[in-house]
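Values below: all heavy atoms of this structure, side chains included; hydrogens, waters and symmetry mates excluded.
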Amino acid sequence: MGDNLVVSNMERLLSMKGGKGEGSYANNSQAQAIHAKSMHHLLKEALDGVQLQAPNIPFVVVDLGCSCGSNTINVVDVIIKHIIKRYETLGLDPPEFSAFFSDLPSNDFNTLFQLLPPLANYGVSMEECLAANNHRAYFAAGVPGSFYRRLFPARFIDVFHSAFSLHWLSQVPESVMDKRSSAYNKGRVFIHGASEITANAYKKQFQTDLASFLSSRSVELKRGGSMFLVCLGRTSVDPTDQGGAGLLFGTHFQDAWDDLVQEGLISSEKRDSFNIPVYAPSLQDFKEVVEADGSFAINKLEVFKGGSPLVVNQPDDASEVGRALANSCRSVSGVLVDAHIGDKLSEELFLRVERRATIHGKELLEQLQFFHIVASLSFSL
């Protein structure tokens with residue numbers, strides 16, 4: 001019961017910033033779009049290995065961790081267009097397509113559904129629909145729930161896609177929040193720069209979560225189906241060095257929390273009871289779990305340089321860089337921060353993130369680089 005209660009609480013809180021405001025995920029996910037596009041050739045390579053069904057059987061695509069911006073819609077379009085080409089190359093009529101957009105119940109599905117193009121009229125061919133670029137050639141549905149559990153019927157899905165989501169843990173490791181534990185992350189709000197014991201608690205949580213993810217997908221995926229997974233990764237063997245994630249959630253974000261403590265706006269205990277539930281794994285961290293599960297063969301597993309999460313029009317404008325970092329950080333962690341210290345103090349926190357990031361604007365653009373773990377998996381023979 002305890003585990004279920006923790007997951008339920010995270011499901012209620014953990015989501016990207018909804019709506020269409022300045023700090024929303026919808027308006028601060030351009031970098032993710034750029035990074036995803038740079039990996040399309042790897043995605044299409046994975047799709048080439050998917051077993052095609054008879055044209056009278058619907059082809060089912062899922063994006064896990066879809067969030068609430070247009071990126072998920074774009075990637076579903078890429079997947080379906082590529083599969084249609086494969087059918088046409090074989091001289092077959094394409095099947096009907098279903099796309100399931102899945103995220104936690106707290107996700108802003110309303111904003112996502114408003115971004116969906118209208119469904120093509122009956123009688124319009126998929127080729128005409130896709131060429132027009134203003135309609136969709138698939139049936140769409142939202143599926144709320146944690147991808148660390150079952151979400152779909154057995155042998156139901158042809159393609160699972162998940163990008164920039166699996167580094168989010170189902171919970172902050174309990175030992176990290178326990179004052180009596182040697183893994184207690186006192187004085188910090190993230191794993192970056194923490195003790196080795198703390199880092200290992202995060203690593204264990206990541207691997208437990210990934211094992212649950214793979215176990216669920218091994219039931220839901222059709223034989224001949226494929227998974228294409230992307231999450232934040234790191235090149236260092238040291239888990240306390242979280243790379244780009246460390247610069248996003250450590251440094252200025254951490255210093256902003258310390259500012260609130262020093263200014264007497266929150267207590268040190270309040271700061272210490274907050275931790276970002278993110279872990280950027282190494283290739284070895286990821287590989288160990290896949291091999292231990294045994295259900296999936298690794299078709300591709302590599303570290304891919306994604307670039308900066310900051311998209312700015314004027315790189316020399318330090319204030320724009322500072323604002324971009326604060327908005328980027330807020331779009332992915334703002335809901336958790338709001339729940340922990342309230343909207344007013346959350347506003348104060350991110351103002352301080354922006355001020356600090358502005359001072360270091362030039363070096364932020366140079367140093368803040370994300371690396372991603374890219375995995376293409378299919379069933380073991």
Side-chain angles (χ1 to χ4, degrees), residues 16 25 28-48 63-65 67 69 71-72 74-75 78-79 161-168 190-193 199 202-203 206 210 226-253 276 278-290 298-313 315-316 320-321 324-325 327-329 331-333 357 360-377:
M16 303 300 99
Y25 185 81
N28 289 280
S29 52
Q30 301 96 325
Q32 289 91 326
I34 294 168
H35 298 178
K37 191 172 183 179
S38 70
M39 290 181 271
H40 278 178
H41 64 291
L42 299 175
L43 171 59
K44 291 175 181 178
E45 186 180 298
L47 294 174
D48 285 337
D63 189 35
L64 296 168
S67 194
N71 292 350
T72 182
N74 294 336
V75 79
V78 168
I79 292 170
H161 174 275
S162 182
F164 318 123
S165 297
L166 276 168
H167 48 267
W168 285 98
F190 187 49
I191 180 183
H192 189 72
Y202 267 85
K203 174 183 174 179
F206 168 80
L210 182 58
S226 181
M227 287 202 294
F228 186 77
L229 312 174
V230 180
C231 70
L232 280 184
R234 69 176 197 276
T235 55
S236 171
V237 296
D238 179 5
T240 67
D241 179 3
Q242 288 283 291
L247 283 173
L248 184 63
F249 295 123
T251 55
H252 309 304
F253 184 65
I276 291 287
V278 162
Y279 179 81
S282 67
L283 276 179
Q284 189 61 30
D285 292 341
F286 202 101
K287 186 178 181 182
E288 285 174 4
V289 183
V290 178
I298 298 174
N299 303 316
K300 185 177 290 293
L301 182 62
E302 63 181 62
V303 176
F304 190 92
K305 186 175 182 180
S308 174
L310 305 182
V311 178
V312 294
N313 296 318
D316 293 331
E320 185 183 355
V321 175
L325 180 84
N327 284 337
S328 180
C329 192
S331 71
V332 296
S333 68
H360 300 278
K362 184 178 180 181
E363 62 195 73
L364 264 176
L365 283 180
E366 294 173 352
Q367 297 174 7
L368 187 51
Q369 299 290 319
F370 276 176
F371 287 86
H372 304 294
I373 301 289
V374 180
S376 171
L377 308 177

Pair I79-F228, side-chain contact (heavy atoms from CB on, under 4.5 Å): steps then yes or no: CA-CA 11 Å; I79 292 170; F228 186 77; over 6 Å; no
Closest heavy-atom pair and its distance - D241, S236: OD2-CB, 3.6 Å
Can you see which heavy atom on E320 is nearest to which on N313, and at what distance? OE2-N, 2.7 Å
Aromatic plane relationship, [Y] with [X] - under 30° parallel, 30 to 60° tilted, over 60° perpendicular:
{"X": "H192", "Y": "F190", "result": "parallel"}
{"X": "Y202", "Y": "Y279", "result": "parallel"}
{"X": "F249", "Y": "W168", "result": "perpendicular"}

Sole candidate of S162, P281, S165 that passes side chain to side chain contact (heavy atoms under 4.5 Å, CB included) when paired with C231: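 So, applying the side chain to side chain contact (heavy atoms under 4.5 Å, CB included) to C231 and each of S162, P281, S165, only P281 qualifies.
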Using the rule given for side-chain contact (heavy atoms from CB on, under 4.5 Å), can you reason through V332 versus V278, listing the C-alpha separation, both sets of side-chain angles and the distance that settles it, and then say yes or no? CA-CA 11 Å; V332 296; V278 162; over 6 Å; no
Is the shortest heavy-atom distance from the side chain of L325 to the side chain of L368 under 4.5 Å? yes
side-chain contact (heavy atoms from CB on, under 4.5 Å) between F253 and S333, intermediate numbers included: CA-CA 10 Å; F253 184 65; S333 68; 4.1 Å; yes
Given side-chain contact (heavy atoms from CB on, under 4.5 Å), test N71 with F164 step by step and report yes or no. CA-CA 11 Å; N71 292 350; F164 318 123; 5.7 Å; no
Electrostatic pair D285-K203, nearest N-O below 4.0 angstrom: yes
Would you please say whether a donor-acceptor pair under 3.5 Å links the side chains of D238 and T240? yes
